Amino acid sequence: MSKQYPSYSHLNLPLIAQQVQEQWDQEQTFKQSIATRDGQPSFVFYEGPPSANGVPGIHHVMARTIKDLFCRFKTMQGFKVERKAGWDTHGLPVEIGVEKSLGITKEDIGHKISIEDYNKACRTEVMKYKDLWDDLTQKMGYWVDLDHPYITFDNKYIESVWWLLKQLYNKNLLYKGYTIQPYSPAAGTGLSTHELNQPGCYRDVKDTTAVAQFKVIKNEAFSRVFGNFSEDLHILAWTTTPWTLPSNTALAVGPKIQYLLVKTFNPYTFEKVNVMLAKDRFRAYFPEKNDEVSFDDYKGGDKAMPHQIIGEFSGDQLCGLSYEQLIPFVKPMGKAFEVIPGDYVTTEDGTGVVHIAPTFGADDDRVAKAAGIAPLILIDAEGQRRPMVDLQGRFYRIADLDADFVKTNVNTSLYSEYAGRFVKNDYNPSLTEADASLDVDLAVMLKKQNLAFKVEKHTHNYPHCWRTDKPILYYPLDSWFIKTTEYRDKMIDLNGTINWKPKSTGEGRFGNWLENLVDWNLSRSRFWGIPLPIWSSEDHKERICIGSAEELKIEIEKSVAAGWMKNNPLQNFVPGDMSEANYNTFDFHKPYADLIVLVSPTGKPMHRDPDLIDVWFDSGSMPYAQLHYPFENKEYFDQNYPADFIAEGVDQTRGWFFTLHAIASMVFDSVAYKNVVSNGLVLDKNGNKMSKRLGNAVDPFETLKKYGPDATRWYMITNAQPWDNLKFDVEGIAEVQRKFFGTLYNTYSFFALYANIDGFTHQEAEVAFDQRPEIDRWILSELNTLILNVEEAYQQYEPTRAGRMIQYFVDAHLSNWYVRLSRRRFWKGTYSTDKISAYQTLYHNLVTLAQLAAPIAPFFGERLFNDLNSVSGKCKENSIHLTQWFKANSAEIDKQLEERMQLAQDFSSMILGLRKQTKIKVRQPLQKIMIPVSSEAMQQQIDRVKDLITSEVNVKELAYIAEDNDMLVKAIKANFKTLGPKFGKLMKSIAVQITAMSSSDIRQLEQSGKFNLFVEGENIEIELSDVEITTQDIPGWVVATQGNLTVALDITITDELFKEGVSRELVNRVQNLRKEQNFEVTDKIRLQILKDDDILGIIADNLVYICSETLTEDLQWIEQATDELVEVDLGLQNIVKLKVTKY
RNA sequence: GGGCUUAUAGCUCAGGUGGUUAGAGCGUACCCCUGAUAAGGGUAAGGUCAAUGGUUCGAGUCCAUUUAAGCCCA
């Protein structure tokens, strides 16, 4: 007996996945899929490293499905696709995780726990969920090399990162600057955004706020705006931090905001003043009830303040005005005291003018830089540039400043009263809330000088340090930067060559980000990360950047010789030895890196800058560092760079996508990736973000277990485009399971059932294409079209299109039409050429579908392929993932054939609709259908599918009616597409007239090809192409129309047709009885019928038909009714008693 | 506040370059088939295409504004 195609009781996708996984494990299929492509061109894929200190979620299944499917597709196309896994191991989340599990805080580091032990804890913490990740990787069918992952905390990895940093350093792209960051003077440390977002950090505080009056200087700009206005003029600006006013160097206005010049009195000095503020804020300071107060009646001290608008200006106009320094403690070094544009200025509160102190606000710093305004900077005793406030939160004491600077830039007579004062009382342990604050004293000073317009207490929400409970300051802190701005144009150019999916992310989100690029702030004040490899002398005049372990070892040797270090921590490291063991003889991390003191060329000690580098630099370095480039794998790297393809979530646009791009652009003058897919979010079924807190997060393991990886992956890919957000609903997976996998599985089961009966193992020679019947050639044509389309879709990184086309084909073409119409060919008749053709055709379809679907549904595709191939042995590979892509055979594509099959489907559907309307069962044969045809070509097309139509709808003949037949009642409609451009505005009237044309008008148009209309006084000639003529009705027939197709059905049931109908009913009942008795489909039977003359009369003509359909070998007419006979109703009061037994 | 995305049937989604009747699947209702049967098929109901304004003979589609949701950034 020949081999049998496996058959299953039902479809169990999770079980299939599990079994296929075992097969892959056993046969090392993943390894083979790479090994068998040795010597072939490579398709380079980079894995974006996840962090294993978090639990994987369902969105990881999404992202990884995308990565996996293209890699599998490219493998089948013959490329060698290596995929190295990776782990992102540094960064704040790891530190927080450790602190949580050890029950410590950052404060304790270095006290309760040594940095050494802390870092050890980080090493374990970061791999906490590695097993879970590996498990998910395997269960979802993501092929990636987990045995040799790159790990960002490895010394080798770090060495490559250092090498990259040194390249940047040598190109002069690393510099030290400052950024305005949240800073806690009480704790003496900067805070991360994350720390600021701790619950309870933001709280309401009551502070003294001031609206200050900035006096505009009468210069050229003044006259340009105000002409010869001769009085004094003040701009009003509000601040919640009056202590920053001495550091003011500019005022920002909104360019599109309207401002008013108002004449009024100062409420403290009662002097007459002219003040400027935003129109939208006018009423906040000058209430309506005072509109009528007269200037003449005003006396100093009156509550009701008279006011009068004397001018209106746009912010644009005001830019460029100069004003006198409000509090002239310190002279700025550079351009200052100008009105500048600020994109973030609003009129929600304050005066619509923002006081700018670049040293104490990130936005301030940014807009000031853009306008060329200098910050207010002091020079301290050590010669360093400092803001006005020292690290303890005090105004600098004069003694702590550089003496020369004090002489030239500080007005000591004014400043000395305030020098040394804490900007917030909270920072001074000896002060309480009751004591006068610096804010208040400054405000009082301004009031006296006619420079304060309004001073009041104001409650606002302000961030506090989670450790000290005291308010934070926004304060300039030292940072290392990469001068990415210098490479901006390069990066934009290179970005133009990258194929982004979707395009808008590359052009919009990423492109705009590049356009507005700022320098990359590389510094992080953390413990667990890659140390910045820069050592500098105390005066910062000498500096070295280390680019390798070898270099570090040599520099330490020098330092040991100079006496700055006792011994060399790298003494056991052997340069050039690339073994793991050699690289484990030391540790680049803190605290070890900080213990290293190097020696400068002039013999001074150099200490490491204490910062760590941004973890994003870690991951952006992976193309090089994963290979330990350039220390190892140089040649391999050259051939496997840049990546052909990467994929991650769209949230990585400014993360990994950017850091890869930036490093590649700056160091290698290249893109890092040629194609990138950025996928959207996975939301819950209601479109809400998934979160553990809300409990709407989907557990990926549960989902995979319940529905299997194939259905999960298929659902995710086909339900929405990867870059759209996915509303994840497990119901959808169930649907995919039923609809797509169920249908495909049923089609296979159908094939297996009959192929096993007939012993079809695909050993016969292929039936020549032109020897195959129309229906076979049709499905093959459709299949080849499908291959082309799917291949193109995968090629263009459009997996959703690919998947949808595949499932449409399986459902609409293969199952619902090909198999349904071909069923008889599989079970009827002998093992003929026609039957073999049917088997070969269906086999070919199934095996091709296994491959087309395999990238998305790797397990199911594998099983389908193996079930087929294990019997036929057609492919030598024992995995679909090792096969070469089955190229489309375009010679088998016949568009005409596809079109006429569509006609057959359309006509069948219309006729079935008519049967439904007239309540005539399909089992009742009918005599005739008629189809009006407009052309010879159309008639020929229909003629070739005539038999399919007639058998599908159970009608005996199909006839054609010529278009000009008088029987046809026609309808006419304007063709807007051709008429529109010709007649424009007359369209509407023309359309009305065309619809109103009579039958004879239509005939005239059809015959002469032309027709004249008289529309709105104009004679208009229309042509045949300007209208659409359809057949609407054929009197005396039941008619259906769909588009431009029309069909008429003859519903007369003649005596003969009736007899045939009843015979078919009988066949149907007999089949049911066979089935009830569990006969095999091949069993021959004896049919006994109780003799009844009426029945006999009806079915006599069709006895042969009845017997052959039911495999009746022996038909007996029983004279006497017995209990064994079953009564069946054939409809229309025809009751028959019969019995079916095995022959 | 800026950039980007999305908005079409109860749900999930299609709808090149504008053309008058806006499609599919699921779900719902009714029905058919019974040699694919723990399958298969048909028919129907269901839409102010987020809103407003504009361009046009004609807008789901093009333009502007707005609303809602989401992401990233500030």
Side-chain angles (χ1 to χ4, degrees), chain A residues 9-11 254 342-346 348 362-363 366 502 504-513 515-516 518 649-655 678 680-681 683 685-689 715 718-721 723-729 731-732 734-736 738-740 742-743 745-754 800-801 804 807-808 811-812 815-817 819-820 822-824 826-828 908-909 912-913 915-917 919 921-923 952 973-991 1043 1067-1069 1071-1072 1074-1076 1079-1082 1109-1111:
Chain A
S9 63
H10 66 281
L11 178 64
D343 50 14
Y344 65 100
V345 177
T346 69
E348 266 159 37
D363 279 327
R366 183 169 53 82
S504 60
T505 299
E507 283 175 359
R509 194 182 276 223
F510 195 63
N512 288 330
W513 159 252
E515 297 281 350
N516 299 310
V518 294
V650 69
D651 52 330
Q652 293 295 329
T653 309
R654 292 172 187 190
S678 72
L681 264 71
L683 308 170
K685 63 177 175 182
N686 298 318
N688 299 313
K689 208 175 158 174
Y715 165 72
T718 57
N719 190 62
Q721 301 261 49
W723 31 89
D724 288 339
N725 289 346
L726 173 68
K727 288 183 198 162
F728 188 89
D729 187 355
E731 287 299 312
E735 186 183 324
V736 155
R738 282 197 307 273
K739 199 68 200 156
F740 174 65
T743 307
Y745 158 79
N746 279 330
T747 307
Y748 164 79
S749 299
F750 174 85
F751 168 83
L753 175 64
Y754 293 107
T800 308
R801 257 179 37 209
R804 285 178 180 173
Q807 68 191 22
Y808 178 77
D811 185 48
S815 169
N816 190 16
W817 194 250
V819 171
R820 202 151 58 79
S822 304
R823 275 178 297 191
R824 294 188 132 249
F826 290 89
W827 52 265
K828 197 81 178 137
S908 301
S909 152
L912 290 173
R915 275 183 173 277
K916 165 97 179 171
Q917 277 167 32
K919 298 198 163 75
K921 290 182 176 184
V922 179
R923 211 182 280 133
E952 180 68 7
K973 209 171 69 176
N975 179 357
F976 287 81
K977 209 164 185 171
T978 62
L979 286 169
K982 275 196 253 180
F983 300 113
K985 283 192 182 178
L986 293 175
M987 276 301 301
K988 269 183 191 148
S989 329
I990 296 177
V1067 168
N1068 165 253
R1069 304 302 184 273
Q1071 304 288 32
N1072 286 350
R1074 287 181 57 118
K1075 178 136 204 146
E1076 276 166 29
F1079 288 8
E1080 290 296 317
V1081 294
T1082 45
E1109 281 298 302
T1110 55
L1111 298 185

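Keep in mind that what you see is a predicted model, and the values were worked out from it rather than measured. Sequence lines set the chain letters: A, B, ... in the order given, protein chains first and strands last, and positions in each chain run from 1.
In this structure, the side chain to side chain contact (heavy atoms under 4.5 Å, CB included) partners of A734(A), at least two apart in sequence or on a different chain, are Y707(A), R738(A). Contacts of A974(A) classified as side chain to side chain contact (heavy atoms under 4.5 Å, CB included), with partners at least two apart in sequence or in another chain: F976(A), L979(A), A991(A), I994(A). Evaluation of the ring-ring contact (aromatic ring centres under 6.0 Å, His included) rule for F750(A) yields Y754(A), F826(A) as partners, not counting sequence neighbours. Applying the salt bridge (charged side-chain N to carboxylate O under 4.0 Å, His left out) rule to R801(A) yields no partners; only residues at least two apart in sequence or on another chain are considered. Take S909(A) and apply the side-chain hydrogen bond (donor to acceptor under 3.5 Å, both in side chains) test, not counting sequence neighbours, and it matches no residue. Qualifying side-chain hydrogen bond (donor to acceptor under 3.5 Å, both in side chains) partners for R509(A), counting only residues two or more places apart in sequence or in other chains: none. By the ring-ring contact (aromatic ring centres under 6.0 Å, His included) test, Y715(A) pairs with F728(A), sequence neighbours left out. For Q1071(A), the side chain to side chain contact (heavy atoms under 4.5 Å, CB included) criterion is met by V1067(A), R1074(A), T1110(A), not counting sequence neighbours. Remark: R820(A) engages N816(A), W817(A), R823(A), E952(A) in a side chain to side chain contact (heavy atoms under 4.5 Å, CB included) (not counting sequence neighbours).
In terms of position on RNA chain B, the residue among L753(A) and N1068(A) whose nearest nucleotide sits closer to the 5' end is N1068(A). In terms of position on RNA chain B, the residue among Y754(A) and T800(A) whose nearest nucleotide sits closer to the 5' end is T800(A).
For the P atoms, the distance linking G53(B) with C49(B) amounts to 13 Å, nearest Å. On the C1' atoms, C62(B) is 23 Å away from A68(B), given to the nearest whole Å. Taking the C1' atoms as reference points, U61(B) lies 28 Å from G2(B), given to the whole Å. The separation of C13(B) from A7(B), taken at their C1' atoms, amounts to 13 Å, rounded to a whole angstrom. Remark: the separation of the P atoms in C72(B) and G25(B) is 37 Å, to the nearest Å. A gap of 15 Å separates the P atoms of G58(B) and U21(B), to the nearest Å. For the C1' atoms, the distance from G27(B) to A45(B) is 13 Å, rounded to whole Å. Of the P atoms belonging to G42(B) and G60(B), the separation is 30 Å, rounded to the nearest Å.
Here C4(B) presents its P atom at 15 Å from CZ of F510(A), a figure rounded to the nearest Å. One interatomic measurement links the two molecules: NZ of K977(A) to P of U17(B), which rounds to 11 Å at whole-angstrom precision. Rounded to whole Å, atom C1' of C4(B) lies 16 Å from atom CD of Q652(A). Between L726(A) atom CG and C11(B) atom P there is a gap of 16 Å when expressed in whole angstrom units. Rounded to an integer number of Å, the gap from W723(A) CH2 to G70(B) C1' is 18 Å. Computed from coordinates, the D724(A) CG to A69(B) P distance equals 19 Å when rounded to whole Å. Atoms CG (N516(A)) and P (C4(B)) sit 11 Å apart, rounded to a whole Å. Taking atom CD of residue E731(A) and atom C1' of nucleotide C11(B), one finds them 10 Å apart after rounding to whole Å.
When heavy atoms are screened at a 4.0 angstrom cut-off, Q721(A) is found touching the sugar-phosphate backbone but no base atom. Across all strands shown, S504(A) has heavy atoms under 4.0 Å from sugar-phosphate atoms exclusively, and none from any base. Within 4.0 Å (heavy atoms only), V819(A) reaches at least one base atom of the nucleic acid. In this structure, K727(A) reaches the sugar-phosphate backbone alone: every heavy-atom distance under 4.0 Å involves primed, P, OP1 or OP2 atoms, never a base. R804(A) comes within 4.0 angstrom of the backbone, heavy atoms only, and of no base. If you check every strand for non-hydrogen atoms under 4.0 Å, A720(A) touches sugar and phosphate atoms only.
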Any protein N or O atoms within reach of nucleotides 71-74 of chain B? Criterion: under 3.5 Å, listing atom names and distances.
| residue | atom | partner | partner atom | Å |
| --- | --- | --- | --- | --- |
| C71(B) | OP1 | K689(A) | NZ | 3.2 |
| C71(B) | O2' | R509(A) | NH1 | 3.4 |
| C71(B) | O2 | R509(A) | NH2 | 2.5 |
| C72(B) | O4' | R509(A) | NH1 | 3.3 |
| C73(B) | O4' | R654(A) | NH1 | 3.0 |
| A74(B) | O2' | D363(A) | OD1 | 3.4 |

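Atom NZ of K977(A) is surrounded by 12 or fewer heavy atoms from other residues, nucleotides or ligands within 6.0 Å.
Of the possible polar contacts, one joining the T747(A) side chain to the T743(A) backbone as a donor-acceptor pair under 3.5 Å is found. With hydrogens and angles ignored, the 3.5 Å screen pairs a side-chain donor or acceptor of N725(A) with a backbone N or O of L681(A).
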Open item on the list: So if I define the base as every atom that isn't primed, P, OP1 or OP2, how would nucleotides 38-46 of chain B read as a B/S/- string at a heavy-atom cutoff under 4.0 Å?
Closed with: -SSSBS---

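Contact record, K727(A) with N719(A): O-ND2, 4.3 Å, taken as the closest heavy-atom pair.
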Open item on the list: What does the 5'-to-3' dot-bracket notation of RNA chain B look like when only Watson-Crick and G-U wobble pairs under 3.5 Å count, and pairs to other strands show as |?
Closed with: (((((((..((((.....[...)))).(((((.......))))).....(((((..]....)))))))))))).

